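Data first, discussion second: the structure below is written as structure tokens.
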Amino acid sequence: MAARAAVLRSREAPFRIEDVTLAGPGPGEALIQVAGTGFCHTDLLPRTDRLGIALPLIAGHEGAGTVLATGPGVHDVSPGSHVVMSFDSCGGCRACLAARPAGCATFFPRNLSGHRPDGTGAARDAAGGEVSASWFGQSSFATHAVVPVRALVPVPATLPLDLLGPLGCGFQTGAGAIFNSLGVRAGSSVVVAGAGAVGLAAVMAARAVGATAVIAVDIVPLRRKLAEELGATHALDGRSDTLTQEILEITGGADHAVDTTGLPALITSLVRGLHSEGSCGLVGVQQGDLTVDPLLLASGRTLKGIIEGDAVPRLFVPRLIDLWQQGMFPFDRLIRRYPLDEIDRAEQDVASGEVVKAVLIPS
Ligand SMILES: [Zn+2]
Ligand SMILES: [Zn+2]
């Protein structure tokens, strides 16, 4: 299948729009015509040396689109189906069997290597060279993607398909942290650090579930204002030296905190702001070793790493769509559309914080 894709060939240079050839779909896979793909901070990981991700690579893992063809053994979607593409998992390991696919034993090779666990999953460029095309099982910064059907979430054809992709990763992660990972309940207090796409999804979800104190923490005044518009009851400056005291004054000790920044000093402030049995979820890519006084944990506080909001995408994304349609999860307010060709401008605007969630539209 001939496709156009944004190819990352060096950690420093801009993405390049290229003609590529995709193989497949193979057994258990579908070929998707991409309607739109969110730009997630995780798509910038291949620009760093942190995971040693091999280039060239087609990134993109918050896609939505239309099924064009299916491989052997596919029964749950068919050509014409509208789908959100979420993360990949094996379906057979201990975590997958327990309905915890984000804890899949092969999560990292399937989603963060750029190829399938067996090393296949490459597209060909115009010169015949290999380009990794299985980032999160989808590599959807492209007109087309070949995706394991297990990662697909069928959605009604009446919805604006191009906007729905981020529900499969960033928004799922923030909302899932609240609903699934931390089990936030009505009347509780929640602190959310970092008012980006994941953090703002957590703020909206906390309000939707009935949390009565929702404190957004960010260093950017505009982001704090946006968080308040989306339901935060308080907004605090992340640079404040007295952040923990401010949280304690508002909540008397927060029931829950969600960190999306990965900043160790900030996370320590959040843990200190919890009540004695409060829980803190870590969603961000960690920026260094964390120091926490063991006495804080001895009394019952919990620290928990969270991947993909502990969600089962095929159950969770439809829930988010229902909440959105009832006005309780207005994620579309955070989105700005860009043509795929303008991916570099989208990348700059995401990196600078100018836009919360860029969605790339292949034309
Ligand atoms: Zn698994
Ligand atoms: Zn993501």
Side-chain angles (χ1 to χ4, degrees), residues 6 8 28 34 36-48 50-51 53 57-64 84-114 116-118 134-141 145 147-153 163-177 181 194 196-202 258-262 281-286 305-314 316-317 320 331 334-335 343 346-347 350-351 355-360:
L8 189 67
V34 178
T37 303
F39 201 124
C40 176
H41 281 278
T42 307
D43 289 311
L44 297 176
L45 264 184
R47 284 216 179 278
T48 71
R50 288 198 66 173
L51 296 176
I53 298 157
L57 166 87
I58 303 166
H61 66 283
E62 292 191 343
V84 167
M85 303 174 229
S86 192
F87 62 91
D88 190 21
S89 58
C90 78
C93 74
R94 219 158 60 187
C96 284
L97 289 172
R100 291 186 287 103
C104 178
T106 53
F107 184 91
F108 278 83
R110 281 174 188 278
N111 294 291
L112 290 155
S113 71
R116 296 194 192 97
D118 66 2
S134 196
W135 178 247
F136 279 79
Q138 58 179 276
S139 288
S140 52
F141 286 166
V147 186
V149 168
R150 200 181 141 71
L152 299 178
V153 180
L163 292 184
L164 301 182
L167 292 175
C169 183
F171 296 145
Q172 166 171 271
T173 297
S181 317
V198 175
L200 290 171
V258 178
D259 176 71
T260 70
T261 70
L282 306 180
V283 178
V285 174
Q286 300 307 305
I306 299 172
I307 294 180
E308 297 286 353
D310 292 311
V312 176
R314 222 177 260 195
F316 197 71
V317 171
L320 293 182
F331 72 93
L334 306 178
I335 288 176
I343 185 169
E347 180 178 3
V350 167
V355 63
V356 177
K357 177 59 73 182
V359 167
L360 301 163

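Whatever order the structure lists ligands and atoms in, that order sets their numbers, starting from 1. Here, residue 1 is the first one in the sequence, and each next residue gets the next number. Note that the coordinates shown come from a computational prediction; the quantities given were computed from them, not determined experimentally.
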Legend entry - Side-chain (Gln138) to main-chain (Ser86) donor-acceptor, under 3.5 angstrom: yes
Legend entry - Apex the Zn ion (ligand 1) - arms SG from Cys104 and SG from Cys90 - angle rounded to 10°: 110°
Inset, instruction - For residues Ala6 and Ile343, report the shortest heavy-atom separation together with the two atoms involved. - result: CB-CD1, 3.6 Å
Inset, instruction - Among Asn111, Ile307, Thr173, find the residue that satisfies the side-chain contact (heavy atoms from CB on, under 4.5 Å) test when tested with Phe87. - result: Asn111
Legend entry - Heteroatoms of the protein, restricted to N/O/S, which lie under 2.8 Å from the Zn ion (ligand 2): Cys40 SG, His61 NE2, Cys169 SG
Legend entry - Exam field: side chain Arg110 to backbone Gly137, donor-acceptor pair closer than 3.5 Å: no
Inset, instruction - Keeping the roles fixed (side chain from Ser140, backbone from Gly60), state whether a donor-acceptor pair exists under 3.5 Å. - result: yes
Legend entry - Sidechain-backbone polar pair: Arg314 side chain, Leu152 backbone, donor-acceptor under 3.5 Å: yes
